[in-house]
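Sequential numbering from 1 along the given sequence is applied to the chain's residues.
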Amino acid sequence: MPDPIEPSQPPPPPPSPEPGPSATSQSTGLPSNVAAAIACIPLIGGIIFYILEKRDGFVRFYAMQSIIFGCAWLLFNIVSTIVHAVFGAIPGIGGVLVFFWAIVAALVHIGFLVIWIIAMVKAFTGVRWDIPYVGPIARKQVEGSAG
């Protein structure tokens with residue numbers, strides 16, 4: 001009969017995480033897919049995660065893509081405000097032009113929102129997805145800063 005005071009064998013160490021979307025982001029401590037999805041928040045999320053994450057290329061790609069996408073969205077808002085003001089200053093037909101511009105601007109904003117949601121879902125599922133026109137630019141920026 002073994003002595004009950006004797007220490008038993010220590011438990012085996014936990015298995016190391018496999019590389020992939022469920023792996024932990026090295027700088028933030030969040031899983032890579034969660035960090036990338038949060039980094040998709042236009043401009044702010046991208047800037048924060050691009051500064052914090054130094055090693056995980058997946059998170060850095062989505063952060064840079066978010067920065068570029070957020071700048072494009074902000075630029076559209078600035079241009080839209082200027083166009084709205086110019087159309088509103090036209091006597092006679094200004095009201096009609098403002099109305100039609102508001103419809104165009106709303107459709108563009110819906111497009112931006114849909115692209116943002118798709119990017120967040122793709123990031124959360126661990127898929128590297130390039131936003132059209134923005135993704136290749138972000139990839140070049142991230143690959144250029146890695147070396």
Locate the shortest heavy-atom distance separating [X] from [Y]; write the atom from each residue and the value.
X: Ile47; Y: Ile67; value: N-CG1, 3.7 Å
X: Ile131; Y: Gln65; value: N-OE1, 2.9 Å
X: Ala39; Y: Phe49; value: CB-CB, 3.7 Å
X: Ser80; Y: Trp101; value: OG-NE1, 3.0 Å
X: Gly70; Y: Pro42; value: CA-CB, 3.9 Å
X: Ala35; Y: Val59; value: CB-CG2, 3.8 Å

Any donor-acceptor pair under 3.5 Å from Tyr62 side chain to Trp129 backbone: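 Side chain of Tyr62 to backbone of Trp129, a donor-acceptor pair under 3.5 Å: yes, one is there.
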Let me check something: do [X] and [Y] share a hydrophobic cluster, defined by ILVMFWY side-chain heavy atoms less than 4.5 Å apart, either directly or through other members?
X: Val108; Y: Phe100; answer: no
X: Leu43; Y: Leu113; answer: yes
X: Val79; Y: Val98; answer: yes
X: Ile90; Y: Phe99; answer: no
X: Ile110; Y: Val83; answer: yes

Exceeds 12 heavy-atom contacts within 6.0 angstrom, atom NZ of Lys54: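 Buried by this count: over 12 neighbours within 6.0 Å.
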Aromatic plane relationship, His109 with Trp73 - under 30° parallel, 30 to 60° tilted, over 60° perpendicular: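 Geometry flag for His109 against Trp73: tilted rings.
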Residues Ile38, Leu30; criterion side-chain contact (heavy atoms from CB on, under 4.5 Å); working and verdict: CA-CA 10 Å; Ile38 295 171; Leu30 293 170; 4.3 Å; yes
Close side-chain approach of Arg55 to Glu53, heavy-atom, < 4.5 Å: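 Yes, at least one pair of side-chain atoms sits under 4.5 Å.
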pair Tyr133-Ile137: side-chain heavy atoms closer than 4.5 Å: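 No, their side chains stay 4.5 Å or more apart.
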Give, for atom [atom1] of [X] and atom [atom2] of [Y], the distance between the pair rounded to the nearest 0.5 Å.
X: Tyr50; Y: Met64; atom1: OH; atom2: CE; result: 4.0 Å
X: Gln141; Y: Arg60; atom1: CD; atom2: CZ; result: 10.5 Å
X: Ile48; Y: Ile41; atom1: CD1; atom2: CD1; result: 8.0 Å
X: Thr125; Y: Met120; atom1: OG1; atom2: CE; result: 12.0 Å
X: Trp116; Y: Cys40; atom1: CH2; atom2: SG; result: 9.5 Å

Check against side-chain contact (heavy atoms from CB on, under 4.5 Å), Phe61 and Asp130: CA-CA 9 Å; Phe61 167 74; Asp130 289 359; 3.0 Å; yes
